[in-house]
Amino acid sequence: MNLNYSKKLILCAIMGLFFIFNSFGQATNVKFPADTGKNLIKLNFGSFLFKTLNVQYERAIHKKMVLGLGIRFAPKGSVPFIASFGDDEEVTGSIKTGNFAFTPEVRWYFGKNVFKGFYVAPFLRLANYTAALDYDYTVDGSQEIIPLKGNLTTFTTGVLIGAQWRIANKVYFDWSIFGPQYGFSKGKISGTKSLSAEEQKSLREELKGLESDMPIGKISSSVDGNGATVNVSGPWAGIRANLGIGYRF
C-alpha cells in the first residue's frame with residue numbers, strides 16, 4: 001500500500017474520531033431535565049449487521065457503578081458475509097448457524113454520574129452456537145457430500161471498555177469500543193450416512209486435515225460405516241464491540 005495513502009487514511013480516521021467525540025461532547029453540554037432513573041434498557045443496533053438481536057439491561061447500584069445483563073440471539077440462518085471467506089459457493093452457501101449468549105457484567109463509569117462517560121466493564125459470557133452444513137470430500141476423483149450438524153458451547157471472561165453519552169432526555173448512546181475475551185469451548189458436530197471403506201478412508205483423511213488448521217482449540221474426529229463425528233474442545237477467544245441506544249427509567 002502507498003505510504004502517503006496510509007498516512008492520509010490514518011489522519012482521516014483520527015479526525016473522524018475527534019469529530020465524534022466533539023459532537024457528543026457538545027451534546028452532553030445541552031441542559032436536559034435531570035435523569036434520576038436507576039434503570040437503563042438498551043438495544044445494540046450494531047448487531048443487526050450480523051442478523052442478531054442484542055439487548056442489555058443495566059441497574060445502578062452506586063453513584064458510578066451498575067450491574068448489567070446482556071442477551072444475544074441469532075436464529076439459525078445463513079452466515080452474514082460468508083462469501084468473503086471462501087470461493088466454494090456450494091459449501092459456504094450450505095452453512096447455517098445460530099447462537100444464543102448470556103452476558104452478566106459489572107460496569108464502572110468515569111463520568112460525573114452513573115450511565116455517563118468512559119467505562120470499564122469486566123464480564124462473563126456463556127454462549128451456545130448451532131451449525132449445519134453440507135461437507136464435501138473427494139473419493140476417487142468424484143465429489144461426495146455428508147450433511148453435518150451440531151452445537152458448540154463456550155464460556156469466556158473479559159473486560160470491555162467504551163463510552164456512553166446522554167443525547168436526549170432519558171436517551172443514551174453507547175459505544176462499546178473494545179472487549180477482548182478468552183475462555184474455553186466444547187462441542188460436537190456429526191452426520192449420518194452409509195459409507196463404504198473407501199469413502200471412510202477419504203473422509204477420515206480430510207477431517208484429519210482440519211485438526212491442524214484449527215487456529216485455537218482442539219479438533220478430534222472419528223469415521224465409521226454409519227457416518228462421522230467431529231469433537232471440538234479447548235481455548236476460545238473473541239472480541240466484543242457494538243453500538244447501542246438506551247432509555248433510562
Side-chain angles (χ1 to χ4, degrees), residues 1 9-10 12-21 23-24 27 40-58 68-105 107 115 118-121 123-133 149-168 171-183 185 187 215-217 236-247:
M1 181 181 289
L9 188 62
I10 293 172
C12 289
I14 293 173
M15 292 178 65
L17 288 173
F18 176 79
F19 174 77
I20 291 173
F21 282 112
S23 298
F24 281 107
L40 185 71
I41 187 73
K42 188 161 33 186
L43 176 65
N44 293 315
F45 58 85
S47 298
F48 293 163
L49 290 173
F50 302 96
K51 302 179 182 179
T52 300
L53 177 64
N54 190 326
V55 295
Q56 185 170 346
Y57 170 74
E58 294 181 24
L69 177 63
I71 300 293
R72 186 189 72 196
F73 172 71
K76 184 177 287 188
S78 59
V79 180
F81 315 116
I82 187 63
S84 303
F85 299 96
D87 297 326
D88 193 336
E89 294 184 3
E90 291 186 1
V91 175
T92 57
S94 74
I95 299 176
K96 306 295 181 184
T97 65
N99 70 81
F100 177 83
F102 176 82
T103 310
E105 68 177 36
R107 184 174 293 197
F115 301 130
F118 284 94
Y119 60 78
V120 174
F123 66 89
L124 301 174
R125 170 166 285 178
L126 176 64
N128 181 264
Y129 301 85
T130 59
L133 75 154
K149 64 179 179 179
N151 64 78
L152 176 74
T153 299
T154 67
F155 182 81
T156 56
T157 182
V159 178
L160 174 68
I161 61 171
Q164 188 161 271
W165 299 268
R166 185 184 180 191
I167 59 174
V171 180
Y172 290 74
F173 175 79
D174 180 23
W175 181 16
S176 300
I177 301 172
F178 184 65
Q181 55 186 305
Y182 186 81
S185 65
I216 58 175
W236 187 264
I239 299 293
R240 181 182 169 194
N242 223 318
L243 298 172
I245 291 290
Y247 180 79

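As the structure is a prediction and not an experimental result, all values here were calculated from the model. Starting from 1, each residue takes its place in the sequence as its number.
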Closest heavy-atom pair and its distance - [X], [Y]:
X	Y	answer
Thr154	Ser185	CG2-CB, 3.7 Å
Lys51	Ser78	NZ-OG, 3.0 Å
Ala74	Thr52	CB-OG1, 3.5 Å
Gly246	Leu40	C-CD1, 3.9 Å

TODO: Test the Arg240-Phe123 pair against the cation-pi criterion, namely NZ or CZ under 6.0 angstrom from the six-membered ring centroid and within 45° of the ring axis.
DONE: yes
TODO: Go through the steps for Phe115 and Glu58 under the test side chain to side chain contact (heavy atoms under 4.5 Å, CB included), then give the verdict.
DONE: CA-CA 9 Å; Phe115 301 130; Glu58 294 181 24; 3.5 Å; yes
Quick check for you: to the nearest 0.5 Å, what is the distance between [X] atom [atom1] and [Y] atom [atom2]?
X	Y	atom1	atom2	value
Phe173	Trp165	CZ	CH2	6.5 Å
Tyr119	Gln164	OH	CD	6.5 Å
Ile95	Leu133	CD1	CG	5.5 Å
Asp174	Ile167	CG	CD1	11.0 Å
Ile161	Phe118	CD1	CZ	8.5 Å
Leu69	Thr103	CG	OG1	8.0 Å

Open item on the list: Students often mix this up, so state it plainly: with edges at 30° and 60°, are the rings of Trp236 and Tyr129 parallel, tilted or perpendicular?
Closed with: tilted
Task: Among Lys42, Glu105, Arg72, side chain to side chain donor-acceptor pair (under 3.5 Å) partner for Gln56 - done: Glu105
Open item on the list: Is it the case that the side chain of Ser47 and the backbone of Phe45 share a donor-acceptor pair, with hydrogens and angles ignored and the cut-off at 3.5 Å?
Closed with: no
- [ ] Using modelled atom types only, decide if a donor and an acceptor are shared between the side chain of Asn242 and the backbone of Gly46 within a distance under 3.5 Å.
- [x] yes
TODO: Evaluate the side-chain proximity of Ile245 to Leu43: yes if any heavy-atom separation is below 4.5 Å, no if none is.
DONE: no
Open item on the list: Within the 4.5 Å heavy-atom criterion, are Tyr182 and Pro180 side-chain neighbours or not?
Closed with: no
Task: Test applied, side-chain contact (heavy atoms from CB on, under 4.5 Å); reference residue, Asn128; option that passes from Leu152, Thr153, Asn99 - done: Thr153
Task: side chain to side chain contact (heavy atoms under 4.5 Å, CB included) between Ile71 and Asn54, intermediate numbers included - done: CA-CA 6 Å; Ile71 300 293; Asn54 190 326; over 6 Å; no
